[in-house]
Amino acid sequence: MNIATLCGILKKAGFKPMRKADLAARIRYILTNFPEHRKTLLSLPNIQAYYGKLF
């Protein structure tokens with residue numbers, strides 16, 4: 001699993017090119033619909049520092 005896979009999931013879900021405000025919605029979508037990708041999300045730089053409350 002890598003970031004390209006996550007981007008593909010989001011594209012299929014209809015998410016448009018990202019704005020900063022959309023990141024929380026994208027994280028929630030992946031965690032809800034693809035919980036097996038939680039580890040990949042957690043490996044992204046600074047994700048826990050800024051969005052830890054979503055996990």
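Numbers here simply count residues along the sequence, with the first being 1. Predicted model only: the values in this text are computed from it and were never measured.
- Between Phe15 and Ile9, the closest side-chain pair of non-hydrogen atoms is not below 4.5 Å.
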Notebook entry, point to check: Would Thr40 and Thr5 count as a side chain to side chain contact (heavy atoms under 4.5 Å, CB included) if you check the C-alpha gap in whole Å, the side-chain angles of each, and the deciding distance to 0.1 Å?
Noted result: CA-CA 10 Å; Thr40 302; Thr5 303; over 6 Å; no
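- Going from atom CZ of Arg28 over to atom CG of Leu23 covers 10.0 Å, rounded to the nearest 0.5 Å.
- Here the CD1 atom belonging to Ile30 is positioned 10.0 Å from the CD atom belonging to Glu36, to the nearest 0.5 angstrom.
- Scanning for side chain to side chain contact (heavy atoms under 4.5 Å, CB included) contacts around Tyr50 gives Asn46, with sequence neighbours left out.
- To the nearest 0.5 Å, the span separating NZ on Lys12 from SG on Cys7 amounts to 13.0 Å.
- By the side chain to side chain contact (heavy atoms under 4.5 Å, CB included) test, Leu42 is found to be paired with Arg38, Gln48, Phe55, residues two or more places apart in sequence or in another chain being considered.
- Taking all atoms of both residues into account, the shortest heavy-atom contact from Leu31 to Leu54 is CD1-O, 3.6 Å.
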